[in-house]
Amino acid sequence: MILKIEKYGSEKLRVPAQKVAVTPELVVLAEDMLETMYKAKGVGLAAEQVGRTEALCVIDVPLSCEDDEETKMFNAGVEQPLVMFNPEIVKQAEPYETEESCLSLLGGPRKTRRFQKIKVRWQTKDFQPRIKTFTGYTAQIIQHEIDHLSGIII
């Protein structure tokens, strides 16, 4: 089911997410969020962007989006799409300046600061805990979605 994406100005985008226990209903929400993200031609979507407060985000970054061969090789083993319940960054390194767009913002990209490499802990839709290091564009998108879960818009 396609969900409505909240736009800048909506108070729902500023509400910090609440940690959740993974349930079959939330797995359906994640599937609906993926469908919504694909229809909007995005690579990531957080629950706040569809008016929800669960700590949940979905990400699907094609390997072709990674900017160099080393990053492509590093992220080649990342199974996409990522469905992340209760994601949190536990380590970050190599800050840099970049530009990002957002499905909740109109207009062009905005400048922001990100980290080239991050280690993230989350729970999968199969109720499994995970911890993994990501780099490059995939790391950037994960940071963007986790910001949304904290009520932060670029």
Q: With sequence neighbours left out, what residues match Thr23 under side chain to side chain donor-acceptor pair (under 3.5 Å)?
A: Glu25
Q: Donor-acceptor check, side chain of Gln143 to backbone of Ala139, threshold 3.5 angstrom: yes or no?
A: yes
Q: Looking at Asp32, Leu56, Leu45, Ile2, which hits side chain to side chain contact (heavy atoms under 4.5 Å, CB included) with Val50?
A: Leu45
Q: For side-chain hydrogen bond (donor to acceptor under 3.5 Å, both in side chains), just list the numbers for Glu48 and Thr53, CA-CA rounded to whole Å, side-chain angles, deciding distance to a tenth of an Å, and then say yes or no.
A: CA-CA 6 Å; Glu48 277 68 9; Thr53 59; over 6 Å; no
Q: So which pairs with a foot in residues 145-154 pass salt bridge (Lys or Arg N to Asp or Glu O under 4.0 Å), sequence neighbours left out?
A: Arg114-Asp147
Q: Just to verify, what does Arg14 make a salt bridge (charged side-chain N to carboxylate O under 4.0 Å, His left out) with, not counting sequence neighbours?
A: none
Q: Distance check, rounded to the nearest 0.5 Å: Leu63 atom CG versus Thr138 atom OG1?
A: 7.5 Å
Q: Within a strict 4.5 Å, meaning less than it, do heavy atoms of the Lys91 and Arg121 side chains meet?
A: no
Q: Donor-acceptor pair, Thr36 side chain versus Leu3 backbone, under 3.5 Å?
A: yes
Q: Of all residues at least two apart in sequence or in a different chain, which pass the side chain to side chain donor-acceptor pair (under 3.5 Å) check with Gln140?
A: Tyr96, Glu100
Q: Can you name the closest pair of heavy atoms from Leu103 and Gly44 and give their distance?
A: CD1-O, 3.9 Å
Q: How far does NZ of Lys119 sit from OG1 of Thr135, to the nearest 0.5 angstrom?
A: 14.0 Å
Q: In the single-linkage hydrophobic clustering (I, L, V, M, F, W, Y; side-chain heavy atoms under 4.5 Å), do Leu34 and Val22 co-cluster?
A: yes
Q: Could you pull out all residues at least two apart from Ser10 that satisfy side chain to side chain donor-acceptor pair (under 3.5 Å)?
A: Glu6
Q: Considering residues at least two apart in sequence or located in another chain, which fulfil the side chain to side chain contact (heavy atoms under 4.5 Å, CB included) criterion with Lys7?
A: Ile5
Q: State the CG-NE2 distance between Leu149 and His144, to the nearest 0.5 angstrom.
A: 10.5 Å
Q: I'd like to know if Ile152 and Ile154 are part of one continuous hydrophobic network [Ile/Leu/Val/Met/Phe/Trp/Tyr, side-chain heavy atoms within less than 4.5 Å].
A: no
Q: Looking at Met33 and Ala47, what are the two nearest heavy atoms and their distance?
A: CE-N, 3.4 Å
Q: How long is the gap from CG on Leu29 to CE on Met1, to the nearest 0.5 Å?
A: 8.5 Å
Q: Could you pull out all residues at least two apart from Glu54 that satisfy side chain to side chain donor-acceptor pair (under 3.5 Å)?
A: Arg52
Q: Tell me every residue that passes side chain to side chain contact (heavy atoms under 4.5 Å, CB included) with Pro109, counting only those two or more places apart in sequence or in another chain.
A: Glu99, Ser101
Q: Checking one residue: Ile118. Which other hydrophobic residues are in its cluster under the side-chain 4.5 Å linking rule?
A: Val43, Ile59, Val61, Val78, Leu82, Met84, Ile89, Phe115, Val120, Trp122, Phe134, Tyr137, Ile141, Ile142, Ile146
Q: Is it possible for you to say whether Val83 and Val27 belong to one hydrophobic cluster, with membership spreading through side-chain heavy-atom contacts below 4.5 Å?
A: yes
Q: Who clusters with Val28? Use side-chain heavy atoms, under 4.5 angstrom, across I, L, V, M, F, W and Y, and order the result by chain and number.
A: none
Q: Specify the closest pair of heavy atoms between Arg113 and Pro95, including all atoms of both residues, with the distance to one decimal.
A: NH2-CB, 3.2 Å
Q: Let me confirm one number: the CD-CD1 distance from Glu88 to Ile131, rounded to the nearest 0.5 Å.
A: 8.5 Å
Q: So for atom NZ, which belongs to Lys39, do other residues, nucleotides or ligands contribute more than 12 heavy atoms lying within a distance under 6.0 Å?
A: no
Q: Going by the rule side chain to side chain contact (heavy atoms under 4.5 Å, CB included), which residues pair with Asp60 if we only count those two or more places apart in sequence or in a different chain?
A: Met37, Tyr38, Gln80, Pro81
Q: Minimum heavy-atom separation for Leu13 to Ser104, with atom names?
A: CD2-OG, 3.8 Å
Q: List for me each residue that meets side chain to side chain contact (heavy atoms under 4.5 Å, CB included) alongside Glu79, sequence neighbours excluded, and say none if there are none.
A: none
Q: Which atom pair, heavy atoms only, marks the closest approach of Cys57 to Pro87?
A: SG-CG, 4.0 Å
Q: I want to check something: taking the side chain as every heavy atom from C-beta on, are His148 and Gln49 in contact at a cut-off of under 4.5 Å?
A: yes
Q: So, taking the atom named CD1 in Ile153 and the one named OH in Tyr8, what distance separates them when rounded to the nearest 0.5 Å?
A: 6.5 Å
